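These notes are about the structure you will find just below.
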Amino acid sequence: MERNLLVAGFGGQGVMMLGTLLAQATCESTDKHVTYFPSYGAEMRGGTANCYVVISDDEIGAPVMDEMEDMIIMNDPSLNKFIDKLKAGGTLFINSSIVKSEIRRDDIHVVEAPVTEMSLEMGNPKVLNIIMLGVYIGYTEVIPQEVILEAIRKKLGKKKPELLPLNEEAFNRGLEIGKAARK
């Protein structure tokens with residue numbers, strides 16, 4: 001098994017944190033091989049940001065692929081830039097709160113999640129990436145959800161322990177969306 005994922009959006013949407021959490025959790029808590037490759041735009045917040053995560057049962061030859069099995073897209077510019085890198089039969093996860101461009105491909109699966117809207121309803125726009133991570137894990141089951149929850153507790157619980165319940169709730173809400181989309 002090998003899954004490759006591109007996560008893309010604006011700086012400040014937590015793109016790198018999503019990729020880092022997925023890669024570190026997989027590396028630390030499973031026997032799978034993982035690569036993580038970040039790419040930042042020239043700007044910080046508001047600029048472009050994307051990262052690649054590859055999870056495999058075998059050694060990984062290259063951290064960046066020409067065609068991706070999975071893609072998490074957090075904004076329209078990222079959709080327009082990367083949509084052609086998603087292979088036929090791949091899965092596109094979109095932040096439907098912000099991504100409004102028409103998806104002009106009928107050879108892919110599309111999972112929509114209004115993660116910006118949901119994070120605002122939860123009272124903290126910074127959890128939108130954690131919601132989307134839950135959507136991805138719930139849909140793909142690439143690694144067990146408990147592995148990500150433990151990583152959230154370790155990584156995010158240390159930084160701001162008062163936000164840990166919110167981050168766990170955000171992840172669980174995303175999981176529900178991902179599991180429902182799989183059916």
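Reckoned from all heavy atoms, side chains included, excluding hydrogens, waters and symmetry mates. Keep in mind that what you see is a predicted model, and the values were worked out from it rather than measured.
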Sidechain N-carboxylate O distance under 4.0 Å for Lys32, Asp57: yes
Can we say Arg182 and Glu141 salt-bridge, meaning some charged N sits less than 4.0 Å from an Asp/Glu carboxylate O? yes
Heavy-atom side-chain proximity of Ile55 to Leu22 below 4.5 angstrom: yes
Heavy atoms of Ala8 and Val15 approach each other most closely as C-CG2, 3.9 Å
Check ion pair Lys155-Glu28 (N to O, under 4.0 angstrom): yes
Between OG on residue Ser29 and NZ on residue Lys154, distance to nearest 0.5 Å: 5.0 Å
Flag the pair Tyr36 / Tyr52 as yes when their ring centroid distance falls below 6.0 Å, and as no otherwise. no
Could you give me the CA-CA distance, side-chain angles and deciding distance for Leu92 and Ile73, then say whether side-chain contact (heavy atoms from CB on, under 4.5 Å) is met? CA-CA 7 Å; Leu92 175 65; Ile73 299 295; 3.5 Å; yes
May I ask you to test the Val147-Ile137 pair for a side-chain heavy-atom distance under 4.5 Å? no
Is Leu18 reachable from Ile152 through a run of hydrophobic residues whose side-chain heavy atoms are each under 4.5 Å from the next? yes
Would you call Lys87-Glu69 a salt bridge at under 4.0 Å N-O? yes
If I take atom CD1 from residue Ile143 and atom CZ from residue Arg3, how far apart are they, to the nearest 0.5 angstrom? 12.0 Å
Going through the distances and angles, do Lys179 and Tyr139 end up as a side-chain contact (heavy atoms from CB on, under 4.5 Å)? CA-CA 5 Å; Lys179 287 177 182 179; Tyr139 186 86; over 6 Å; no
With no hydrogens and no angle check, just 3.5 Å: does a side-chain donor-acceptor pair link Gln13 and Lys126? no
Within the 4.5 Å heavy-atom criterion, are Ile94 and Val111 side-chain neighbours or not? no
Can you check whether Leu5 reaches Val7 side chain to side chain, under 4.5 Å on heavy atoms? yes
Going by the side-chain contact (heavy atoms from CB on, under 4.5 Å) test, name the single residue among Asn167, Leu166, Val127 that passes it with Leu156. Asn167
Show, in sequence, the C-alpha distance, side-chain angles and deciding distance for Asn4 and Ile60, and conclude whether the side-chain contact (heavy atoms from CB on, under 4.5 Å) test is met. CA-CA 10 Å; Asn4 55 57; Ile60 299 166; over 6 Å; no
How far apart are the closest heavy atoms of Val99 and Met74, and which atoms are they? CG2-C, 3.9 Å
Indicate, with yes or no, if Leu6 and Ile103 share a hydrophobic cluster defined by side-chain heavy-atom contacts under 4.5 Å among Ile, Leu, Val, Met, Phe, Trp and Tyr. yes
Verify the neighbour count for atom CE of Met122: are there more than 12 heavy atoms of other residues, nucleotides or ligands below 6.0 Å? yes
Verify the neighbour count for atom CD of Glu59: are there more than 12 heavy atoms of other residues, nucleotides or ligands below 6.0 Å? no
Quick check: are there more than 12 heavy atoms from other residues, nucleotides or ligands sitting under 6.0 Å from NZ of Lys100? yes
Any side-chain heavy-atom pair of Leu163 and Asn124 under 4.5 Å: yes
May I ask you to say whether Glu150 pairs ionically with Arg153, meaning some side-chain N is under 4.0 Å from a carboxylate O? yes
Identify the two heavy atoms, one from Asp107 and one from Ala88, that lie closest to each other, and give their separation to 0.1 Å. OD2-CB, 3.4 Å
Does Asp106 CG have over 12 foreign heavy atoms under 6.0 Å away? no
Name the residue from Thr116, Asn129, Asp76, Asn75 that meets the side-chain hydrogen bond (donor to acceptor under 3.5 Å, both in side chains) definition with Asn95. Thr116
If hydrophobic clusters are built from ILVMFWY residues whose side chains come within less than 4.5 Å, do Val135 and Ile98 share one? no
Go through the steps to decide whether Glu112 and Phe93 satisfy the test side-chain contact (heavy atoms from CB on, under 4.5 Å), and finish with yes or no. CA-CA 6 Å; Glu112 297 183 14; Phe93 299 84; over 6 Å; no
Would a distance-only check, ignoring hydrogens and angles, find a side-chain to backbone donor-acceptor pair under 3.5 Å from Ser97 to Pro114? yes
Hydrophobic clusters here meaning ILVMFWY residues chained together by side-chain heavy-atom distances under 4.5 Å, can you tell me if Val110 and Leu79 are in one? yes
Exercise: identify the closest heavy-atom pair between Phe82 and Asn50: CZ-ND2, 3.6 Å
Which heavy atom of Cys51 sits nearest to which heavy atom of Pro38, and what is that distance? CB-CA, 3.9 Å
Exam field: side chain Arg105 to backbone Leu86, donor-acceptor pair closer than 3.5 Å: yes
Can you see which heavy atom on Ile177 is nearest to which on Ala113, and at what distance? CG2-CB, 4.2 Å
So, do Thr26 and Val53 sit near enough that their side-chain heavy atoms are less than 4.5 Å apart? no
May I ask whether Leu128 and Leu175 are part of the same hydrophobic cluster, defined by side-chain heavy atoms of I, L, V, M, F, W, Y residues being less than 4.5 angstrom apart, directly or through others? yes
Assess, by modelled atom type and distance only, whether the side chains of Tyr136 and Asp70 contain a donor and an acceptor separated by less than 3.5 Å. yes
